[in-house]
Number of protein chains: 2
Amino acid sequence: MRFVATIHVRPRREVRDPQGDAVAGALRSIGLAVDGVRVGKEIVVRFDAANEGAARETTTTMGKELLANPVVEDFTVELRADG
Amino acid sequence: MRFVATIHVRPRREVRDPQGDAVAGALRSIGLAVDGVRVGKEIVVRFDAANEGAARETTTTMGKELLANPVVEDFTVELRADG
């Protein structure tokens with residue numbers, strides 16, 4: 001089966017997010033009063049797996065081994081069958 | 001009213017995504033056969049607005065004026081009341 005996973009990688013709540021601070025500053029500079037800005041990544045991946053359980057395991061491996069830095073980032077996965 | 005918006009910024013479909021290609025290569029190097037990898041950003045923002053219409057307008061301004069480069073990126077917005 002073919003799957004599409006979206007892996008959301010976000011800075012952990014307790015970690016400072018300098019990129020978010022920079023975006024907040026830039027938004028304020030164009031007149032928008034914002035706070036609590038956080039910047040994460042989303043990685044969309046297509047792959048084959050025997051079934052949904054195997055696919056979910058693969059996405060966990062992707063997040064843990066490569067996409068997220070566990071010291072400063074969390075990740076969540078949205079998984080769906082492709083097509 | 002207080003709102004939280006998540007602005008998803010993604011490379012346009014017809015545009016090459018070198019970051020996605022790099023991630024695909026790295027995932028393959030740890031034994032995961034993937035393709036069609038695309039890397040986007042997600043920006044979470046908190047702000048005040050009179051109502052949902054005004055809030056949505058603000059997020060459109062954020063996306064258009066600052067967060068997305070319209071030549072190579074698209075953006076979508078998820079908006080909800082905070083708390």
Side-chain angles (χ1 to χ4, degrees), chain A residues 1-13 17 19-50 54-69 73-76 78-79 82-83, chain B residues 1-13 17 19-50 54-69 73-76 78-79 82-83:
Chain A
M1 277 179 81
R2 188 105 185 119
F3 290 90
V4 189
T6 304
I7 298 151
H8 302 268
V9 180
R10 302 184 180 103
R12 281 180 187 276
R13 192 180 298 270
D17 177 14
Q19 208 184 341
D21 296 342
V23 168
L27 287 170
R28 283 182 206 122
S29 78
I30 60 168
L32 301 169
V34 296
D35 56 62
V37 178
R38 308 289 281 178
V39 177
K41 284 173 287 184
E42 57 175 50
I43 300 103
V44 180
V45 175
R46 290 177 161 74
F47 61 103
D48 292 304
R56 198 158 286 281
E57 212 166 286
T58 300
T59 58
T60 303
T61 304
M62 290 177 188
K64 280 200 179 152
E65 306 268 312
L66 189 82
L67 300 173
N69 174 351
E73 292 171 328
D74 277 325
F75 71 95
T76 57
E78 278 170 80
L79 183 67
D82 191 12
Chain B
M1 277 179 81
R2 188 105 185 117
F3 291 90
V4 188
T6 304
I7 298 152
H8 302 269
V9 180
R10 303 185 179 102
R12 282 179 185 275
R13 192 180 297 270
D17 177 15
Q19 208 185 342
D21 295 345
V23 169
L27 287 170
R28 285 183 204 120
S29 79
I30 60 168
L32 300 169
V34 296
D35 56 61
V37 179
R38 308 288 280 177
V39 177
K41 285 173 288 185
E42 57 175 49
I43 300 105
V44 180
V45 174
R46 288 177 163 74
F47 62 102
D48 292 304
R56 199 158 286 282
E57 213 165 284
T58 299
T59 58
T60 303
T61 304
M62 290 177 189
K64 280 199 179 153
E65 307 268 312
L66 189 84
L67 300 172
N69 174 349
E73 292 171 329
D74 277 325
F75 70 95
T76 57
E78 279 171 77
L79 184 67
D82 191 13

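Owing to the predicted nature of the structure, the values given are computational and were not obtained by experimental measurement. All heavy atoms count here, side chains included; hydrogens, waters and symmetry mates do not. In what follows, every chain begins at residue 1, and chains take the letters A, B, ... in the order their sequences are listed.
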Task: Interchain contact, A:A26 with chain B, by part (heavy-atom threshold 4.5 Å) - done: both
Open item on the list: What's the separation between atom NE2 in B:H8 and atom CD in B:E78, rounded to the nearest 0.5 Å?
Closed with: 3.5 Å
Open item on the list: Taking side-chain hydrogen bond (donor to acceptor under 3.5 Å, both in side chains) as the definition, give me every residue that meets it alongside B:T60, ordered by chain and number, with sequence neighbours left out.
Closed with: none
Open item on the list: Just so I understand: if I count every heavy-atom pair under 4.5 Å between each of A:L27, A:V45, A:D35 and chain B, which residue has the most?
Closed with: A:D35
Task: Heavy-atom pair count under 4.5 Å with chain B, highest-scoring of A:Q19, A:R10, A:E65 - done: A:R10
Open item on the list: Quick one, A:I43 and A:M62 - any side-chain contact, counting heavy atoms below 4.5 Å?
Closed with: no
Open item on the list: Taking the side chain as everything from C-beta on, heavy atoms only, tell me whether A:K64 gets closer than 4.5 Å to A:F75.
Closed with: yes
TODO: State the CD-CG distance between A:E73 and A:D17, to the nearest 0.5 angstrom.
DONE: 9.5 Å
Open item on the list: For chain B, which candidate among A:A5, A:G40, A:G36 shows the most heavy-atom pairs at distances under 4.5 Å?
Closed with: A:G40
Open item on the list: Given heavy-atom pairs under 4.5 angstrom as the criterion, report whether the side chain, backbone, both or neither of A:L67 touches chain B.
Closed with: side chain
